[in-house]
Amino acid sequence: MPKKRSGGGLTTTQQAAKFLGVAALSGVVMAGIALPAAGALGLAAKGTVDGFDEIPANLKTPPLSQRTRILDNQGGQIATVYSRDRTVVPLTKISPYMQKAIIAIEDARFYQHGAVDLKGILRAMNRNVQTGGTAQGASTLTQQYVKNVFVEEAGDDPAKVAEATQQTLGRKVQELKYAIQVEEELGKKKILENYLNITFFGQQAYGVEAASQRYFSKSAKDLKLEEAALLAGIVQSPSRYDPVNDTEEATKRRNTVIQRMADVGDIGQEEADKAKATPIKLKVKRPQNGCITAVNGSGFFCDYVRKIVTSDPAFGKTAKERAKLWAIGGLTIKTTLDPRSQAASNSAATSRVSKDDKVADAVVQVKPGTGQIMAMAQSRPYGLDQSKHQTVLNLSVDNKMGGSYAGFQVGSTFKPITAAAALEKGISPAQSFTTPSSIVLPADAFRTCEGAPADDKPWDVENETEEEKGTFDMTSALGKSINTYFAKLEQQTGLCETLTMAKKVGYDRGDNKPLLQNPATTLGGQESTPLAMASVYATFANRGTYCSPIAILSVTKPDGKQIDVPKSQCTRAMSEHTADTINQMLKGVVEDGTGTQAGLSDRDNAGKTGTTDERKNAWFVGYTPNLSTAVWVGSDGARQIPMSNINIGGQYYEDVCGGCLPGPIWRTAMTGSLNASETPAFNPVEVPRAKPKEDKDKGKGRDKPGDDGGDKPGDDDPFPGISIPPGLIGGNDGHGRGQQDGGTNGP
């Protein structure tokens, strides 16, 4: 009885029979004989001979997974992402030493035999019979290439990988047949090129270029003899011959390759001896993969780009197609991100709010007239390590794009939208209302777009303090952020008209649901996102034309072909005159209103503060004619934290307000982003104001009710007969309250 090898392997007789069988089978396939569904070899038809007459297209040009490069708008690299670290290069950019080394050790007769090397099979069989083991294999480099293609296509799916590497007779027949066809259609040089680009070299490096960069920090075209031999030796067992973890074993294997190169005549023995005597000298470059490596805090923007590619139909009709495009990679994605703006926004976002604070912030910049996102930053760093206060929650965007569940209430930053709706309806900026510090509006004061009452109970609206009462026109109400004024203005304008304007300027809910027909919307009661708010205010800067936000300028595939990327859709939301009027009124907010701490002194700028009830969210959204920036500060966890008597960024705040924390962050971001030599101005317009009361002592009487569309001024006007600049006295960022459905919202 023949003895089995230790470990339960085949006997030498069984080894011989196995290799003779393979040799015979190779001869059958090479002869081009069509195998029957069930013949002498007993092969089942399914999974063995189906499709044998056609070579899969992927074997000619396999869709190799490569690095995707994400670039800013200047061409600088933001990050590289990949499922396989690979950079495909032509054979002309691979060192001749590398080409010779891999052939010498893996298939020395590569250029002499066809797809199957019968001589090699017989030699391996003889050697293995003599040793009683498997000292030599018999697969040609072409056969290895075919198997690698199947493994590559399997990706990270364990079941598919197992199927691609199964050692069944049917699988061997299939690989042999494909190897013959590949040789006929591609030729030796192309097969070698494809093989060197597909093969795994350990240390997460796929293909020779990535391997050369990983181990030696150089291109594959510059590999020296001893370096090329090292890489060629790794292929047989990347873990065993890993030079990073086992230099001694890697050196032995490298020297085996070098000597093999000398034995086949690729190099002289003297050169081989010198190379073998050279110690391994690594210059390891660690993998830089994923959005966590993005520069200047742009990891959230990087992930937003990924979400676009995997969700927008422009990149594939189905989710599966888009996921495959991203996984295969090799894309060059040029984005809208401006490096100067991103650096400034990241610096601003981390300047006053620390990563370990109870609250967080977000800063987003949009270029008016283009929809281009110029910057996206926040105080917490991008990543999965919670011990380092990292997060992958993008506080700037909506839920479907990686943001919070619902977004954040926007407070009084919504009020300019109501003002725009009123102006479009023909209501004058001089429209004034005289109100106490709190009012009650009847249940039927607001109607939905379907004509039904918006609520079944009265609406109680309060200003921040009891002192906020009197007569206000649109300009002063924006400057002082008066809740009662905007509740009455929404009533006069119409709830439906206000919501329609909100949709036109790009105001979207953060939970991706339709806007609620809720009167408290005018006080910022519906959640939205910093990106949406930056886009809304960019509409004012762009004189009334809204442009949908975009993050990608171009996408180039590995073959150089361009993908038609989504473009910004620009539509007119309001007249130029309406937008110009809003701009002039919001200039007052940063000049002498609630946003004075944010205002820029060297150029036209405008904006609005916002603080919600209990100061759970604080905002400043502002703009110049060429840049719109939204800043939000608040809770990024499941529980919202009131920002009173709180330390943020090492500073104590009795009460956080839109002008005192988001405002200075906004100013830092804008100052760092804008070019001092480019200072475009808003289009100047005259903004009508409510007529001031005449001095009673002069006996000139009072204004008549309804003059200039205003209510009759009350006796509580502190300066009869004098027009008070907005925000000159008593200004705040309007921490008022407006109640609706049990919720409260402030400016």
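Since the model is a prediction, treat every value here as computed from it, not as a measurement. Residue indices begin at 1 and follow the sequence shown.
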Item to check | Side chain proximity check, Arg84 to Leu64, heavy atoms < 4.5 angstrom | outcome: no
Checklist entry - Between CE of Met98 and CG of Leu196, what distance do you get to the nearest 0.5 Å? => result 5.5 Å
Checklist entry - After noting the C-alpha distance and the side-chain angles of Lys283 and Tyr215, does the key distance pass the side chain to side chain contact (heavy atoms under 4.5 Å, CB included) rule? => result CA-CA 6 Å; Lys283 188 178 181 181; Tyr215 295 109; over 6 Å; no
Next on the checklist: Parallel, tilted or perpendicular: which one describes the rings of Tyr623 and Tyr537, with boundaries at 30° and 60°?
Outcome noted: perpendicular
Checklist entry - Rounded to the nearest 0.5 Å, how far does CG of Asp72 lie from CE of Met374? => result 10.0 Å
Checklist entry - Ser528 side chain to Asp508 main-chain N or O, any donor-acceptor pair under 3.5 Å? => result yes
Next on the checklist: To check you understand the geometry: which heavy-atom pair defines the closest contact between Ser83 and Ser65, and what is its length?
Outcome noted: OG-OG, 3.0 Å
Checklist entry - Can you check side chain to side chain contact (heavy atoms under 4.5 Å, CB included) on Val366 and Met533, steps first, answer last? => result CA-CA 10 Å; Val366 172; Met533 295 309 296; over 6 Å; no
Next on the checklist: Take a 6.0 Å sphere around NZ of Lys513 and say whether it holds more than 12 heavy atoms from other residues, nucleotides or ligands.
Outcome noted: no
Checklist entry - side chain to side chain contact (heavy atoms under 4.5 Å, CB included) between Ile102 and Leu192: does it pass, once the steps are laid out? => result CA-CA 9 Å; Ile102 200 70; Leu192 178 60; 3.8 Å; yes
Next on the checklist: Counting C-beta onward and ignoring hydrogens, is there a side-chain heavy-atom pair between Ile198 and Tyr206 closer than 4.5 Å?
Outcome noted: no
Next on the checklist: As a quick check of understanding, evaluate side chain to side chain contact (heavy atoms under 4.5 Å, CB included) for Leu395 and Phe408, giving each step before the final call.
Outcome noted: CA-CA 9 Å; Leu395 302 173; Phe408 313 102; 4.0 Å; yes
Next on the checklist: Thr140 vs Gln143, test: side chain to side chain donor-acceptor pair (under 3.5 Å). Steps then yes/no.
Outcome noted: CA-CA 5 Å; Thr140 65; Gln143 289 173 265; 3.2 Å; yes
Checklist entry - Would a 4.5 Å heavy-atom cut-off, applied to side chains only, mark Gln372 and Ile550 as touching? => result yes
Checklist entry - What pair of heavy atoms forms the shortest contact from Asp361 to Ala349, and how long is it? => result OD2-O, 2.7 Å
Next on the checklist: With no hydrogens and no angle check, just 3.5 Å: does a side-chain donor-acceptor pair link Asp398 and Asn512?
Outcome noted: yes
Checklist entry - So, Gln342 and Ser298: side-chain donor and acceptor under 3.5 Å apart, yes or no? => result no
Checklist entry - Is it the case that Asn394 and Tyr304 place a side-chain donor and acceptor less than 3.5 Å from each other? => result no
Item to check | Arg86/Glu152 salt bridge by N-O under 4.0 Å criterion | outcome: yes
Next on the checklist: Can a donor-acceptor pair be found, under 3.5 Å and without considering hydrogens, that links the side chain of Thr318 to the backbone of Glu321?
Outcome noted: yes
Item to check | Lys285 to Ser217 - nearest heavy-atom pair and separation | outcome: CB-OG, 3.6 Å
Next on the checklist: I'd like to know if the side chain of Tyr195 pairs up with that of Gln144 as donor and acceptor (distance under 3.5 Å, no hydrogens or angles considered).
Outcome noted: yes
Checklist entry - Would you call Val397 and Lys307 a side-chain contact if the rule is heavy atoms closer than 4.5 Å? => result no
Checklist entry - Can you check whether Glu209's main-chain N or O pairs, donor with acceptor, with Thr87's side chain at less than 3.5 Å? => result no
Next on the checklist: side chain to side chain donor-acceptor pair (under 3.5 Å), that's the test. Do Ser677 and Asn675 meet it? Break it down for me.
Outcome noted: CA-CA 5 Å; Ser677 63; Asn675 192 322; 2.8 Å; yes
Next on the checklist: Assess the residue pair Arg509 and Asp511 against the criterion (salt bridge (Lys or Arg N to Asp or Glu O under 4.0 Å)); give the C-alpha distance rounded to whole Å, side-chain angles, the decisive distance to 0.1 Å, and a yes or no.
Outcome noted: CA-CA 5 Å; Arg509 287 180 58 88; Asp511 57 8; 2.9 Å; yes
Item to check | Validation row: Thr571, Lys504 side chains within 4.5 angstrom (heavy atoms) | outcome: no
Checklist entry - So do Met401 and Ser311 actually touch side chain to side chain, heavy atoms under 4.5 Å? => result yes
Next on the checklist: Ignoring hydrogens, what is the shortest heavy-atom contact between Glu527 and Ala406? Give both atom names and the distance.
Outcome noted: CB-O, 3.1 Å
Next on the checklist: Could you report the tightest heavy-atom contact between Ala343 and Asn296, atom names first, then the distance?
Outcome noted: CB-ND2, 4.0 Å
Item to check | Check: Val208 main-chain N/O paired with Ser212 side-chain donor or acceptor under 3.5 Å | outcome: no
Next on the checklist: Heavy-atom count check: over 12 atoms from other residues, nucleotides or ligands less than 6.0 Å from Lys93 NZ?
Outcome noted: no
Item to check | Ile292 versus Gly383, closest heavy-atom pair with distance | outcome: CD1-CA, 4.1 Å
Checklist entry - Do the side chain of Asn542 and the main chain of Thr545 share a donor and acceptor less than 3.5 angstrom apart? => result yes
Checklist entry - How many angstroms lie between atom CD of Gln74 and atom OG1 of Thr335, to the nearest 0.5 angstrom? => result 10.5 Å
Checklist entry - Between CG of Asn73 and CZ of Arg340, what distance do you get to the nearest 0.5 Å? => result 12.5 Å
Next on the checklist: Between Thr539 and Ser535 (side chain of the first, backbone of the second, donor and acceptor by atom type, cut-off under 3.5 Å), is there such a pair?
Outcome noted: yes
Item to check | Inter-residue atom distance Ile552.CD1 - Thr336.OG1, 0.5 Å rounding | outcome: 8.5 Å
Next on the checklist: Please check if the number of heavy atoms outside Lys567 that lie under 6.0 Å from its NZ is greater than 12.
Outcome noted: yes
Item to check | Heavy-atom side-chain proximity of Met574 to Val505 below 4.5 angstrom | outcome: yes
Next on the checklist: Just so I know, are the side chains of Val565 and Leu553 near enough to count as touching, which here means a heavy-atom distance under 4.5 Å?
Outcome noted: no
Donor-acceptor contacts under 3.5 Å from residues 223-240 side chains, at least two apart:
{"from": "Glu227", "atom 1": "OE1", "to": "Lys218", "atom 2": "NZ", "distance (Å)": "3.1"}
{"from": "Glu227", "atom 1": "OE1", "to": "Lys224", "atom 2": "N", "distance (Å)": "2.9"}
{"from": "Glu227", "atom 1": "OE2", "to": "Lys218", "atom 2": "NZ", "distance (Å)": "3.3"}
{"from": "Ser237", "atom 1": "OG", "to": "Arg240", "atom 2": "N", "distance (Å)": "3.4"}
{"from": "Arg240", "atom 1": "NE", "to": "Glu249", "atom 2": "OE2", "distance (Å)": "3.2"}
{"from": "Arg240", "atom 1": "NH2", "to": "Glu249", "atom 2": "OE2", "distance (Å)": "3.2"}

Item to check | Whether Glu183 side chain and His113 backbone form a donor-acceptor pair below 3.5 Å | outcome: no
Item to check | Asp559/Lys557 salt bridge by N-O under 4.0 Å criterion | outcome: no
Checklist entry - For the ring pair Tyr382 and Phe300, is the centre-to-centre distance below 6.0 Å? => result yes
Checklist entry - Does Arg214 have any salt bridge (charged side-chain N to carboxylate O under 4.0 Å, His left out) partners at least two apart in sequence or in another chain, and if so, which? => result Asp85
Next on the checklist: Given 3.5 Å as the limit, does a donor-acceptor pair link the side chain of Arg67 with the main chain of Tyr82, or not?
Outcome noted: no
Next on the checklist: Would the distance check show the side chain of Ser341 and the main-chain N or O of Asp338 forming a donor-acceptor pair, the cut-off being under 3.5 Å?
Outcome noted: no
Checklist entry - Rounded to the nearest 0.5 Å, how far apart are OG1 of Thr556 and CZ of Arg69? => result 10.5 Å
Item to check | Electrostatic pair Lys190-Glu193, nearest N-O below 4.0 angstrom | outcome: yes
Next on the checklist: So does Pro381 get a backbone contact from the side chain of Gln390, meaning a donor-acceptor N/O pair under 3.5 Å?
Outcome noted: no
